[in-house]
Amino acid sequence: MTVRTRFAPSPTGFLHVGGARTALFCYLQARANNGVFILRIEDTDLERSTPESVQAILDGMHWLGLEHDEGPFYQSQRFERYAQVTHDLIGQGKAYHCYCSKERLEALREGQMKQGIKPRYDGLCRERSDIPHGIKPVVRFRNPDSGDVVFDDKVRGRISISNEELDDLVIARPDGSPTYNFTVVVDDIDMAVTMVIRGDDHINNTPRQINIYRALDAQLPEFAHVPMILGEDGARLSKRHGAVGVMQYRDDGYLPQALLNYLVRLGWSHGDEEIFSLEEMIARFDIGAVNRKAAAFSLEKLDWLNQHYLRTLPAREVASHLEWHFKQAGLDPELGPPLSDLVTVQADRVKTLREMTQVSRVFYADFERFDDEAAKKHLRPVVELPLRTLAGRLAEVDVWEPQRLAETVHVTAEELELNMGKIAQPLRVALTGTAVSPSIDKTLWLVGRDRSLARIDRALGYIAARTAAQA
RNA sequence: GCUCCCUUCGUCUAGCGGUCCAGGACGCGGCCCUCUCAAGGCUGAAACACGAGUUCGAUUCUCGUAGGGAGCGCCA
């Protein structure tokens with residue numbers, strides 16, 4: 001039988017890391033088995049669902065590269081189907097109209113809590129013969145009264161709960177709109193889903209859903225409840241506490257490969273391996289090996305992975321992502337070295353593409369002024385001769401490439417009997433305005449000949465001006 | 001309150017009764033390399049929540065305790 005999984009978010013916000021990981025696991029499980037990955041939008045709550053959220057989820061999935069095979073299906077477009085099933089259930093006596101007021105339900109619940117028992121509907125309307133007028137009823141599913149619901153969760157193992165803990169849940173509101181626990185079951189049956197992979201906050205819903213499957217004479221799918229993801233401090237992620245959409249990670253300069261790799265290792269491992277390409281994940285992933293414990297998100301480890309991918313992915317590929325950040329920063333890639341060259345030198349110096357953009361600005365646009373401290377320390381009269389000598393040599397370099405440039409600087413240093421620090425640092429400040437940049441040969445290479453010579457000139461002018469001012 | 005679930009270094013994890021005075025990774029400390037900052041190499045500190053069982057032997061099995069989470073909606 002074909003493996004069919006689905007990711008079924010409700011569009012009430014962006015796609016956050018927890019959802020993204022669940023989606024990844026669903027995707028992997030399908031791909032690993034040559035199966036089908038379905039995307040379903042659970043928008044039965046018309047109040048809270050928004051088109052923007054739907055788009056945000058689609059964007060996030062696309063950016064991560066988690067392409068679905070079927071869908072997206074929208075529950076809001078399937079109301080007729082749910083109504084049909086509800087109708088059938090009522091006809092078979094497996095569901096019934098309930099006229100109880102919210103007030104009565106509230107009082108019932110309070111009373112039960114007070115008695116120290118679990119609040120549940122008492123079934124008053126199950127056998128009701130009188131039909132109160134003027135009240136639009138809800139429809140309740142008639143849950144079995146006794147016995148246990150037992151299922152073998154792929155990640156949690158056997159879970160058992162007594163039907164006495166469950167009650168008759170509402171499956172349709174007075175206006176006929178269906179509720180979650182009912183729609184998931186109908187959809188998963190209709191879409192022939194074979195494995196339901198979702199957050200473990202749904203564990204408690206599973207038994208009642210299983211009862212609905214049975215009432216519908218449908219075959220049960222397998223269930224796999226994955227733990228949630230906690231914030232850096234181990235506390236639950238919430239809107240006001242660290243919960244950000246995956247697109248925010250793009251904005252912050254992370255590569256989708258890095259996020260995916262980070263996410264797959266959160267709650268799952270394969271021996272001592274840390275690095276997984278999507279292909280490797282597909283080959284190795286095993287839903288049964290997923291941990292049961294909630295895991296805290298670590299931005300530091302994501303940083304490490306991101307740098308790993310900045311360094312190991314083909315420079316061209318990284319460059320294409322970098323280009324987006326350049327545009328965001330208002331930098332024109334055409335005004336400096338090819339981005340793939342830039343990537344080869346900056347990749348092991350930064351953690352993110354955003355950072356790479358920031359530290360590379362100087363190769364694409366002139367800097368405003370010298371960093372005070374750096375200038376004070378390195379742009380002094382003693383460096384005039386070295387800089388001038390260097391400028392002369394650099395003007396003559398035949399091929400402007402790192403090795404030649406390194407030789408040029410070294411030879412000059414030797415001639416002037418200076419150690420590298422004495423010549424490289426002033427040059428660095430002249431070229432970039434700061435005391436920190438890639439190795440001096442690479443810096444020269446990226447800045448380019450014309451720009452390098454002009455900047456050395458500018459630095460010499462700066463030294464002269466300052467000397468004059470002090471005199 | 002009731003039900004279900006979870007518990008190995010700061011964090012992510014390996015471990016599926018002896019191979020564990022617990023392995024890897026991130027982070028952190030030290031050393032090396034070095035034109036700055038990184039990167040890299042070597043190296044160090046750092047954990048089985050607690051208590052009873054079962055067993056010749058428990059990180060690994062069972063049961064309690066403590067701590068944590070989720071659910072108990074006409075939200076999903």
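Proteins get letters first, then strands, A, B, ... in listed order; numbering begins at 1 in each.
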Exercise. Which sits closer to the 5' end of RNA chain B, Y121(A) or I117(A), going by the nucleotide each is nearest to?
Worked result: I117(A)
Problem set entry | Nearest-nucleotide 5' precedence on RNA chain B, E274(A) against K293(A) | K293(A)
[X] with [Y]: basic N within carboxylate O range, under 4.0 Å:
X: R292(A); Y: D200(A); value: no
X: D88(A); Y: K94(A); value: no
X: K301(A); Y: E274(A); value: yes
X: E373(A); Y: K376(A); value: no

Are any of the side-chain heavy atoms of [X] and [Y] separated by less than 4.5 Å?
X: Y309(A); Y: Y254(A); result: no
X: L342(A); Y: L322(A); result: yes
X: V429(A); Y: D371(A); result: no

Phosphate OP1/OP2 of [N]: any [X] side-chain N/O under 4.0 Å:
X: N205(A); N: G73(B); answer: no
X: T44(A); N: A76(B); answer: yes
X: R292(A); N: C6(B); answer: yes

Problem set entry | Residues from residues 428-448 of chain A lying under 4.0 Å of RNA chain B - heavy atoms | R428(A), A435(A), V436(A), S437(A), P438(A), S439(A), I440(A), D441(A)
Both distances below 3.5 Å, Watson-Crick or wobble geometry, any strand: find the nucleotide opposite [N].
N: U36(B); answer: none
N: C16(B); answer: none
N: G29(B); answer: U43(B)
N: C9(B); answer: none
N: A70(B); answer: U3(B)
N: G64(B); answer: C50(B)
N: U55(B); answer: none

Is [X] touching bases, backbone alone, or none of the nucleic acid, heavy atoms closer than 4.0 Å?
X: K114(A); value: nothing
X: S49(A); value: nothing
X: G267(A); value: sugar-phosphate
X: V138(A); value: base

For atom [atom1] of [X] and atom [atom2] of [N], their distance in whole Å:
X: L230(A); N: A70(B); atom1: CG; atom2: C1'; value: 12 Å
X: Y180(A); N: C74(B); atom1: OH; atom2: C1'; value: 16 Å
X: R349(A); N: U36(B); atom1: CZ; atom2: C1'; value: 8 Å
X: H202(A); N: C72(B); atom1: NE2; atom2: P; value: 11 Å

Exercise. With a 3.5 Å cut-off and just heavy-atom distances, do the side chain of Q112(A) and the base of G1(B) make a donor-acceptor pair?
Worked result: no
Seminar exercise, completed: Expected string for nucleotides 26-33 of chain B under the B/S/- scheme (protein heavy atoms, under 4.0 Å, primed atoms plus P, OP1, OP2 as sugar-phosphate) is SS------
Exercise. Is the ring centre of H202(A) less than 6.0 Å from the ring centre of Y180(A)?
Worked result: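 Yes, the ring centres sit under 6.0 Å apart.
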